[in-house]
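Chain letters run A, B, ... following the sequence lines, proteins first and then strands; every chain starts at 1. Predicted, not measured: the structure shown is a model, and the values here were computed from it.
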Amino acid sequence: MSSFRHIGKHPNVLQLEACKTLKQIKQIHTQMLINGLFKDPKMLGQFVSSIALKQPNYIDYSIQVLQHWKRPSLVALNSLMRAHCLISEPCRSFYFYNRIVNSDHNLRPDKYTFTFLIKTCSQLFVEKTSLAVYGCVLKYGFDVDPYVRSSLVSMFAELGLLGFSKKIFLEMFEPDFVTQTAMVSAGAKLGDLVFARELFDRMPTRDLATWNAMMAGYAECGKAREVFDLFRLMQFAGVKVNEASVVLFLSACTQLGALDHGRWAHDYIEECRLRMGVALGSALVDMYAKCGDVDKAMEVFWSLKEKNVYTWTSAMGGLAMNGFGNECLELFAHMKHEGVEPNEVTFVSLLKGCSVVGLVEEGQRYFELMRKVYGLQPSIEHYGCMVDLYSRAGRLDEAFSFINSMPIKPHVDAWGALLNACKIYKNKELGELAFKKIRELKGNDHGTYLLLSNIYAETKNWSRVENVRRAMNAREVSQVTKVRCCSVIEVNGEVHGFFGGDKSHPRQAEIEEKMAEMSQRLKLAGYVANNNPVLFDIEEEEKENTACEHSEKVAIAFGLISLNEGAPIRIVKNLRVCSDCHVVTKLISKMFDREIIVRDRNRLHHFKDGECSCNGCW
DNA sequence: TTAGGGTTAG
């Protein structure tokens, strides 16, 4: 008998945990009833918590069982709260919390109750309730429990309340490494990377989750190089990486357009036989697509055994970014056929797909579909896509009336899309209006002034160009909001960044020599640099050195001198490609017989044989 | 018999 107690769980409970179907669970339940096991009230608690823990998808059955039980135990109710967090139905866990606090048999919430209740609040993203729960924690005195504190640190991080997380953490006497990891994650994700890194460096014990938390913070804040460094350090420290680490490594590759690093990660996944789950698969598809290798992205996509809405949306977004709008729409049809439910993000990708190939009517249809058929409320992002759709297609009046009919206040990007289109389609009146609206929303933004100036220049309205220029100088616009242009290129597994006007690269002399050759050959080909001093572009005011100054041109020159003959040049740029660079890159692709792939803020441009895949509309 | 930290798409 004593040995039986040591085994812990009753054999029927063990059987219960191994069940695959509801039918099997019911059979075991019946057997337990026949065996009279439920005469012991603890056994009913064990039944409920076992299902909650091991079979959360069949939680409703254990709730049915619970209904016949007048006095459920605290453990059973706690377990049910946990189960509902597990199956992402956190709302229902409040019901069990209420049963505990309003019970007629003197139940009192314990530290377990609060960890589950805190988890519930994290999932529901409810600030007021979370603060109320924190109040209850203090009232019941569970703020001394390390598990409860640890959960609170995470909950406040989830809500974006870093101050609360820090306060709770710093008040702890000796936080253990799990709580420290939660704090590293909170600090890093909410932008306090210095605090997070200091804590990370000071930690006497770290495990895989700690490393991943720090890397996730860097990835979230766009610090891709730091992700690479940490990944290397991690391997150097002998920590075995897992799927999450590689997902983060891949997201860094995607940010930088570092295809070689990404390919290495792909080989590494296969070598280490990491499980290709939905997160890893989606990250891989996203990486290949955003690095400009759509064929490989789709090859990986179709080879994946597990796909979810993230995977499909990544592939659709990748196709759209690379200009394959029709293929994006086809993939959406395929996804529906597979029974995968689209979400808001899927529709962003879909509308972008319509936009890149000018499918205005289809876009309108999908925009309606998302509301009427899928019950999804369009966000500012979808409205922005619609404005972009009309604008790119040259239907500026429709874009304008669409903005005016929006039920939510149009944001800067919506007006920005219209302003950009006004430049392409040389519409001065609407351009002025869009400019005015952007100024109201954003203040004196450098790029916006440049676009307006360009619209005047395109319509040969030189006096107005001068006015804009004067206004810019008077208001010191360029000093405040000018974003420094940067282009990144990966060569032999090393990532090189070039800033506009920066001449600090160790191979600067060779780069300049190649750029001189580029200029020479461009001239011979009949290209005249766009030296019009009044025509600005998005990144530089000074046009004298247009053909040489912009960062992507420097990156292209570097690519030409350092990559193998015939290897494609892949560049990622933080701003949009200006029209002059676009012309130059087309010519270079032909003259040097090189495929050049440039990812700008908006999309990918595949330059080959003097043509670009965007067909001049971006 | 129930606890806390780390992963993907805009």
Side-chain angles (χ1 to χ4, degrees), chain A residues 8-10 13 17 42-54 73-83 85-86 110-119 122 142 145-155 157 175-186 188-189 206-217 219-220 241-251 254 274 277-287 289-290 307-318 320-321 342-352 379-382 384-385:
Chain A
K9 289 178 183 170
H10 188 277
V13 175
E17 289 179 358
K42 278 190 180 169
M43 189 51 80
L44 203 45
Q46 220 179 94
F47 178 87
V48 172
S49 57
S50 290
I51 292 187
L53 189 64
K54 304 282 181 181
S73 70
L74 183 61
V75 171
L77 291 166
N78 282 345
S79 302
L80 284 165
M81 286 176 71
R82 177 189 186 270
C85 290
L86 272 181
D110 64 0
K111 52 191 181 178
Y112 290 89
T113 316
F114 279 105
T115 54
F116 301 136
L117 194 62
I118 292 164
K119 183 90 180 166
S122 293
F142 290 119
D145 183 75
Y147 285 86
V148 173
R149 276 198 170 254
S150 186
S151 306
L152 284 169
V153 168
S154 299
M155 176 187 79
D176 60 289
F177 81 99
V178 173
T179 314
Q180 290 183 359
T181 302
M183 192 64 247
V184 167
S185 164
K189 280 208 175 142
R206 295 183 204 123
D207 70 356
L208 183 57
T210 323
W211 287 89
N212 287 349
M214 195 62 235
M215 283 203 292
E220 179 86 16
V241 306
N242 71 350
E243 285 79 5
S245 330
V246 180
V247 166
L248 293 163
F249 183 86
L250 282 169
S251 84
T254 310
L274 293 178
V278 282
L280 202 47
S282 309
L284 206 51
V285 169
D286 192 47
M287 183 279 293
K290 289 199 183 129
K307 300 188 192 80
N308 68 0
V309 67
Y310 280 72
T311 329
W312 287 91
T313 306
S314 293
M316 282 170 57
M321 258 191 110
N343 64 17
E344 287 88 348
V345 187
T346 317
F347 279 95
V348 172
S349 294
L350 191 58
L351 293 175
K352 285 192 173 164
S379 70
I380 193 77
E381 209 126 28
H382 301 99
C385 285

Exercise. Hey, does A/T346 reach any base, or is it just sugar-phosphate, or nothing, if we go heavy atoms under 4.0 Å?
Worked result: nothing
Exercise. Under 3.5 Å, is there an N or O donor on one side and an acceptor on the other linking the side chain of A/T210 and the base of B/dG5?
Worked result: yes
For this session: Give A/N78 one of three labels, base, sugar-phosphate or nothing, depending on what nucleic acid heavy atoms sit under 4.0 Å from its own.
Result: base
Seminar exercise, completed: note: A/L351, atom CG; B/dG10, atom P; distance rounded to Å ~ 15 Å
For this session: Just jot down the salt bridge (Lys or Arg N to Asp or Glu O under 4.0 Å) partners of A/E381, sequence neighbours excluded, or say none.
Result: none
Problem set entry | Any donor-acceptor N/O pair under 3.5 Å between B/dG4 base and A/T115 side chain | no
Exercise. Do A/D207 and B/dG5 have a side chain to base donor-acceptor pair shorter than 3.5 Å?
Worked result: yes
Exercise. Looking for any heavy atom pair under 4.0 Å, which part of the strands does A/K111 touch: base, sugar-phosphate only, or nothing?
Worked result: base
Problem set entry | pi-stack flag for A/Y147 and B/dA3, centroid dist under 5.5 Å, interplanar under 30° | yes
Exercise. Rounded to whole angstrom units, what separation is found between the CE atom of A/M155 and the P atom of B/dG5?
Worked result: 12 Å
Exercise. At under 4.0 Å between heavy atoms, what does A/K290 touch on the DNA or RNA strands: base, sugar-phosphate, or nothing?
Worked result: sugar-phosphate
Exercise. Between atom CE in A/M214 and atom C1' in B/dG5, what is the gap in whole Å?
Worked result: 14 Å
For this session: Nearest whole angstrom, please: distance from the P of B/dG4 to the CZ of A/F116.
Result: 6 Å
Problem set entry | Sugar-phosphate only, base, or nothing, as touched by A/F177 at under 4.0 Å among non-hydrogen atoms | base
For this session: Report yes if at least one side-chain N or O of A/R149 is closer than 4.0 Å to OP1 or OP2 of B/dG4; otherwise report no.
Result: no
Exercise. B/dG4 base to A/S151 side chain: any donor-acceptor pair below 3.5 Å?
Worked result: no
Problem set entry | Note, A/F116 side chain near A/N78 side chain (heavy atom, < 4.5 Å) | yes
Exercise. Quick one: does A/K119's side chain get under 4.5 Å of A/S151's, heavy atoms only?
Worked result: no
For this session: Report yes or no: does A/D207 contribute a side-chain atom to a donor-acceptor pair with the main-chain N or O of A/T210 at less than 3.5 Å?
Result: yes
Exercise. Hey, is the side chain of A/S49 pairing donor to acceptor with the base of B/dT1 inside 3.5 Å?
Worked result: yes
Problem set entry | For A/K290, salt bridge (Lys or Arg N to Asp or Glu O under 4.0 Å) partners two or more places apart | A/D286
For this session: Assign A/A283 to base, sugar-phosphate, or nothing according to its heavy-atom contacts below 4.0 angstrom with the strands shown.
Result: nothing
